[in-house]
2 protein chains.
Amino acid sequence: MPGAQAMTPAGRRILAAAEELFYHRGITAVGVDLIAEHSGVTKRTLYNQFGAKDHLVAAYLAERDQRWRSLVRATVDACDDPVEAVTAPFDALSIWSGDNTRGCAFINALAELPDPSHPAHRIAADQKHWLRNLFEELATAAGRAEPATLAVRLLVLHEGALATRPLTLDTLSASTDLARDLVRARLPVGGTDRPR
Amino acid sequence: MPGAQAMTPAGRRILAAAEELFYHRGITAVGVDLIAEHSGVTKRTLYNQFGAKDHLVAAYLAERDQRWRSLVRATVDACDDPVEAVTAPFDALSIWSGDNTRGCAFINALAELPDPSHPAHRIAADQKHWLRNLFEELATAAGRAEPATLAVRLLVLHEGALATRPLTLDTLSASTDLARDLVRARLPVGGTDRPR
DNA sequence: TCGCACGTACACTGATCGGTGAACCACCAG
DNA sequence: CTGGTGGTTCACCGATCAGTGTACGTGCGA
């Protein structure tokens, strides 16, 4: 995992073209020749840099994951109020969804790569766990009751909105509204809530 | 669209093999030769029945959609209490998820077939709209306030749980619990006396 | 008995797939 | 001057892709 920064200029162009093509046209449907052509590079160079298509796929997902996490982190950090911060990832999602109309790149990748040993599976699972843990940290910091339960609920809302992005349904605002309602949880949480 | 019932024996076997293979291995990754082999049929017969791979893909999705709707309908109809009926699709999802560990076949199909003119897009959109409308009908019948808003929220929860099925997160019970809380119009984390 | 629909067997097409080999060039540091 | 790194050019590999053509067999209804 070269890290994209420690990468040769041609390598970066290849990765950029791969991101664009893989996300918008699907991984299996896009051949290495097409990526090489779109990045103005020879197929030979592509293989000198990445070795195999699967490695390029992994690099694409890792890079995308990193970019998304940066956006989420920045959006969260921009919040003064710790309660607002809990739903900040939904604001990030609103921005992110603008350009990314084809849903979740990781869910989509798993759909095309059923082999569980493919690196894509680990990257995808890591990302979702990271988000769930972030929700839990934020909920704890905001003094919410049962932060673990709340975190999974927020995660489901987040993924539901993201996954249905390609459909003609306004799920984003619905999930964001509900998320805020959940976090504000006007009702005093009774002491009889089952532990978790 | 032959309707699966008005189909030749060989045609049904082909469709059954296609469902199995397309769902578990991905559409683009599965070739017609493999489907023919798995259904004990010549590739010639496959093309005599379906004409093109895309038509077979459409038939696969349509058939799957129909099977899923039947399950949901049956689960809803088995409910005496109209309030319980609103969240019955989540009980159906629990059953459905047992065999279908690779998430939503329609979200997955859209990931592989970016062309919006592909019949898969219409089928997928129709399915999600159907579910949203069903939620709205059920919410109205149960006398819930703002049934349209509630319906979209339930849809997001449903899709979130389904889409994240391949990941190692227990999103199904979380979304079902939250759905019930929403329908009972008790606010979020409350629920002290809920039977389960 | 005729014809037709369903299905098999098998060879074949052109295109595309992921991936490789080898020669060559430009640059920069030792 | 020399060697290594990054890159190009181009030809090539075997495999697989979706899809077709043709001839043949079988059962059934008119």
Side-chain angles (χ1 to χ4, degrees), chain A residues 1-22 24-61 109 111-115 117-120, chain B residues 1-22 24-61 109 111-115 117-120:
Chain A
M1 40 203 109
Q5 231 60 343
M7 203 177 264
T8 206
R12 275 191 292 270
R13 287 212 317 271
I14 294 169
L15 189 53
E19 281 198 56
E20 175 78 14
L21 290 169
F22 280 155
H24 286 103
R25 305 197 198 179
I27 294 172
T28 317
V30 168
V32 287
D33 300 82
L34 186 63
I35 296 174
E37 184 190 334
H38 270 241
S39 46
V41 147
T42 324
K43 191 160 64 159
R44 203 71 196 87
T45 302
L46 190 153
Y47 274 93
N48 285 341
Q49 294 291 328
F50 294 94
K53 186 186 180 182
D54 274 350
H55 299 164
L56 180 55
V57 170
Y60 146 64
L61 291 173
E112 298 196 58
L113 311 167
D115 178 12
S117 67
H118 194 288
Chain B
M1 40 204 107
Q5 231 60 342
M7 205 177 264
T8 206
R12 277 190 291 270
R13 287 213 317 275
I14 293 169
L15 190 53
E19 281 198 55
E20 175 78 13
L21 291 169
F22 280 154
H24 286 102
R25 304 196 197 179
I27 294 173
T28 317
V30 168
V32 288
D33 300 81
L34 186 65
I35 296 174
E37 185 191 332
H38 270 242
S39 47
V41 146
T42 324
K43 191 161 62 161
R44 203 73 195 83
T45 302
L46 189 154
Y47 274 93
N48 285 342
Q49 294 290 329
F50 294 94
K53 187 186 179 182
D54 273 351
H55 300 164
L56 180 56
V57 170
Y60 146 64
L61 291 173
E112 298 197 59
L113 311 167
D115 177 12
S117 67
H118 195 288

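We name chains A, B, ... by the order of the sequence lines, and we start the count at 1 in each one.
In terms of modelled atom types and a separation under 3.5 Å, the side chain of B:His24 and the main chain of B:Glu20 share a donor-acceptor contact.
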Which protein N or O atoms sit under 3.5 Å from an N or O of nucleotides 24-26 of chain C?
none

Between protein and nucleic acid, restricted to nucleotides 3-8 of chain C and to nitrogen or oxygen atoms under 3.5 Å apart, what atom pairs and distances do you find?
from, atom 1, to, atom 2, distance (Å)
C:dC6, O3', B:Thr8, OG1, 3.1
C:dG7, OP1, B:Thr8, OG1, 3.0
C:dG7, OP1, B:Ala10, N, 3.2
C:dG7, OP2, B:Thr8, OG1, 3.2
C:dG7, OP2, B:Gln49, NE2, 2.7
C:dT8, OP2, B:Thr45, OG1, 2.7

Produce the list of close N/O pairs, under 3.5 Å, pairing protein atoms with atoms of nucleotides 27-30 of chain C; give distances to one decimal.
none

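To the nearest 0.5 angstrom, A:Leu61 atom CG is 8.0 Å from A:Leu113 atom CG. Note: B:Glu37 CD to B:Leu21 CG = 9.5 Å, rounded to the nearest 0.5 Å. Atom OG1 in B:Thr28 sits 6.0 Å away from atom NZ in B:Lys53 (nearest 0.5 Å).
Protein atom CG of B:Leu21 is 12 Å distant from nucleotide atom P of D:dA18, rounded to whole Å. Distance OH (B:Tyr47) to P (C:dA9): 19 Å, rounded to an integer number of Å. Between the CG atom of A:Leu56 and the P atom of C:dG19 there is a distance of 10 Å, rounded to whole Å. In this entry the distance linking CE of A:Met7 with C1' of D:dG6 reads 14 Å, nearest Å. Rounded to whole Å, the distance from CD1 on A:Ile14 to P on C:dG19 is 14 Å. Computed from coordinates, the A:His55 NE2 to C:dG19 C1' distance equals 13 Å when rounded to whole Å. Taking atom NZ on A:Lys43 and atom C1' on C:dT20, their separation rounds to 9 Å, with Å as the unit. Whole-Å rounding puts the A:Leu46 CG to C:dC17 P distance at 13 Å.
At a non-hydrogen distance threshold of 4.0 Å, A:Val30, A:Gly31, A:Val32 from residues 29-37 of chain A come into contact with DNA chain C.
B:Glu112 is linked by a salt bridge (charged side-chain N to carboxylate O under 4.0 Å, His left out) to nothing, counting only residues two or more places apart in sequence or in another chain. For A:Asp33, the salt bridge (charged side-chain N to carboxylate O under 4.0 Å, His left out) criterion is met by A:Lys43, not counting sequence neighbours.
B:Ala29 approaches B:Arg25 most closely through the heavy-atom pair CB-O, 3.4 Å. Of all heavy-atom pairs between B:Met7 and B:Arg12, the closest is O-NH1, 2.6 Å.
Side-chain N/O atoms of A:Lys53 and base N/O atoms of C:dG19 include no donor-acceptor pair closer than 3.5 Å.
At least one side-chain heavy atom of A:Ile35 sits under 4.5 Å from a side-chain heavy atom of A:Phe22. Residues B:Gln49 and B:Val41 form no side-chain contact, since every pair of their non-hydrogen atoms from C-beta on lies 4.5 Å or further apart.
When each of B:Ile14, B:Val32, B:Val57 is checked for a side chain to side chain contact (heavy atoms under 4.5 Å, CB included) with B:Phe50, only B:Ile14 meets the rule.
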